[in-house]
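Atoms within each ligand, like the ligands themselves, are counted from 1 in listed order.
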Amino acid sequence: MGLKLFNTMGREMQEFVPINKGEAFVYACGPTVYNYAHIGNLRTYIFEDILRRVLEFSGYKIKHVMNVTDVGHLTDDADSGEDKMEKSARETGRTVWDIAKFYTDAFFSDIESLNIEKPEIVCRATDHVGDMIDLIKKLEDKGYTYVSGGNVYFSIDKFADYGKMALLDRQNLQAGSRIEVDSNKRNPHDFVLWFTKSKFENHAMLWDSPWGKGYPGWHIECSAMSMKYLGESFDIHCGGIDHINVHHTNEIAQSEAASGKKWVNYWLHGEFLVMNKSKMAKSAGNFITLSTLKEKGYDPLDYRYFCLSGHYRSQLQFSFESLDAARTARVNLVDRVKALNAEALGAVSDKLSDKGTLYLEDFKSGIEDDLNCPKALAVFWTMLKDQNLEAGEKLSLSLMFDKVTGLELSVKKDEKEEIEELDDNIRRLIDEREEARKSKDFARSDSIRSELKMLGIEIKDTPDGTVWKKL
Ligand code: AMP
Ligand code: ZN
């Protein structure tokens with residue numbers, strides 16, 4: 001069985017077939033850096049990290065691009081509202097550039113502590129305004145744009161497939177439907193590609209353009225940057241489920257209108273983290289950050305484990321009780337793998353038995369079934385609890401599985417030294433016991449066995465000598 005993914009475009013499970021054999025090109029919408037990411041946002045980045053790890057596990061070479069939205073954009077998905085970056089700057093007395101830098105650093109520190117692999121390319125919108133202008137010019141040349149009230153708009157009526165992924169009804173996309181009407185728009189669903197008329201005075205982030213000094217709309221940045229680094233057509237685009245209707249719908253329209261080609265083959269969307277029955281959201285003020293969890297004594301990987309316990313396409317209900325359960329499970333997992341390391345002296349079995357191979361296949365079939373992490377975790381635990389599997393093989397499988405789960409189970413250098421030191425002590429006691437037995441000093445031999453037991457070590461005499469394991 002190969003990798004199967006649920007494609008939002010068409011709403012069906014599909015086998016993953018990349019454009020270039022053996023390679024997977026992935027684009028993920030990145031953070032808006034005017035505030036800390038909340039743990040809901042981080043759930044989406046954990047899902048995307050699992051996606052890339054599964055692709056790697058399945059043997060694909062990855063090129064993963066993520067943008068950082070450091071151009072302020074407006075407070076809602078439509079083109080209205082207040083600029084978030086400017087608002088934050090005003091409230092904190094810092095410049096918009098300081099705000100963007102501060103929260104970009106905070107975001108990367110968060111994802112590092114969650115053991116999220118950094119995408120191959122991280123690109124800031126402010127470094128790519130020229131690419132966005134070029135793309136808007138292309139759309140203008142092809143007749144997809146109009147200028148009204150000083151801003152450049154994309155005309156959705158010119159793009160026949162508008163709203164296909166979101167299953168939007170074309171009838172309801174006609175002017176007059178009940179969304180906030182911007183009198184500059186020909187159709188209320190048209191969206192801004194370039195603003196020259198900011199609603200706010202002293203807008204700090206401005207660039208020259210053929211349409212006047214201004215700044216780009218939000219959607220255009222993802223189209224411009226993804227096509228720059230991944231080409232006009234690429235494999236996978238992902239983000240949170242809230243982006244389906246507007247942001248990704250608009251990205252598709254402008255990208256395909258510009259290139260005349262199908263832009264993305266697979267669309268993956270992560271469901272929300274919810275708290276007290278409503279979506280965790282910055283704007284609603286009901287959000288928790290990773291720093292809060294750390295202050296409360298949680299390891300960021302407890303939260304990672306918590307996220308793995310739900311499927312990315314299901315809502316996940318956050319509560320501290322559930323996070324506590326995840327912490328207990330993760331600590332148990334870490335302890336078990338540590339014990340396996342001690343028992344097998346860190347030596348992983350190179351070859352898997354038939355049983356071990358079955359576990360590997362089960363694990364693979366879980367993750368390849370649209371990244372089914374709850375199933376993969378269940379296989380992980382069953383394997384660990386299997387009494388008939390050697391420690392070395394369990395260790396080997398655990399480390400393989402952790403390439404996907406990313407729970408940092410491999411033994412760190414200082415822990416390895418600790419194991420080696422423990423081993424030296426135990427070996428010395430076992431040798432002493434051997435000597436005592438040879439000289440028929442059974443009292444001494446028994447007392448060494450008890451001493452080892454006190455250290456939590458059980459010994460067994462085998463034809464090949466004395467072996468030990470942790471109790
Ligand atoms: P933003 O920084 O607001 O653009 O959001 C970053 C990512 O987090 C986007 O992919 C959003 O779809 C996603 N997101 C926002 N709220 C939640 C939530 N409550 N649960 C999961 N993902 C979310
Ligand atoms: Zn995007």
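The Zn ion (ligand 2) lies under 2.8 Å from an N, O or S atom belonging to Cys222. Among the atoms of His248, no N, O or S atom is found under 2.8 Å from the Zn ion (ligand 2). Distances from the Zn ion (ligand 2) show that Glu251 has an N/O/S atom below 2.8 Å. Backbone or side-chain N, O or S atoms of His219 do not reach the Zn ion (ligand 2) at under 2.8 Å.
Residue Gly40 places at least one N or O, backbone or side chain, under 3.5 Å from an N or O of ligand 1. Inclusion of Gly240 in the set of residues having an N or O under 3.5 Å from an N or O of ligand 1 is warranted. Here's the thing with Asn41: one of its N/O atoms is less than 3.5 angstrom from an N/O atom of ligand 1. Looking at Trp218 next to ligand 1, no N or O pair under 3.5 Å apart turns up. Residue Tyr45 has no N or O atom closer than 3.5 Å to an N or O atom of ligand 1.
Within ligand 1, counting atoms from 1 as listed, the ones closer than 4.0 Å to a heavy atom of Glu271 are 21 (C). Heavy-atom proximity to Pro31, at under 4.0 Å, picks out these atoms of ligand 1: 2 (O). Listed by number with element, the atoms of ligand 1 under 4.0 angstrom from any heavy atom of Lys279 are 16 (N), 19 (N).
With rounding to the nearest 0.5 angstrom, the CG atom of Leu395 is 4.5 Å from the CG atom of Asn341. In this structure, the separation between CZ on Phe306 and CZ on Phe318 is 6.0 Å, given to the nearest 0.5 Å. One finds the NZ atom of Lys364 at 11.0 Å from the CE atom of Met400 (value rounded to the nearest 0.5 Å).
Looking at Ser396, its side chain never comes within 3.5 Å of a backbone N or O of Val348 through a donor-acceptor pair. One N or O on the side chain of Arg43 and one on the backbone of Phe272 form a donor-acceptor pair closer than 3.5 Å.
Looking at Asp324 and Arg327, a side-chain N of the basic residue comes within less than 4.0 Å of a carboxylate O on the acidic one, giving a salt bridge. Salt-bridge formation is not detected for the pair Lys137/Asp141: no Lys NZ or Arg NE/NH1/NH2 atom is positioned less than 4.0 Å from an Asp or Glu carboxylate oxygen.
Between the choices Tyr36, Phe272, Tyr34, the shortest heavy-atom distance to atom 17 (C) of ligand 1 belongs to Phe272.
If you run salt bridge (Lys or Arg N to Asp or Glu O under 4.0 Å) between Asp370 and each of Arg313, Lys4, Lys375, only Arg313 comes through. Of the options His243, His219, His269, a side-chain hydrogen bond (donor to acceptor under 3.5 Å, both in side chains) to His248 is made by His269 and by none of the others.
Only the side chain of Asp242 comes within 4.0 Å of ligand 1, counting heavy atoms alone; its backbone N, CA, C and O stay farther away.
By the 6.0 Å and 45° rule, Lys185 does not stack over the aromatic ring of Tyr153.
At least one heavy atom of His38 sits less than 4.0 Å from an atom of ligand 1.
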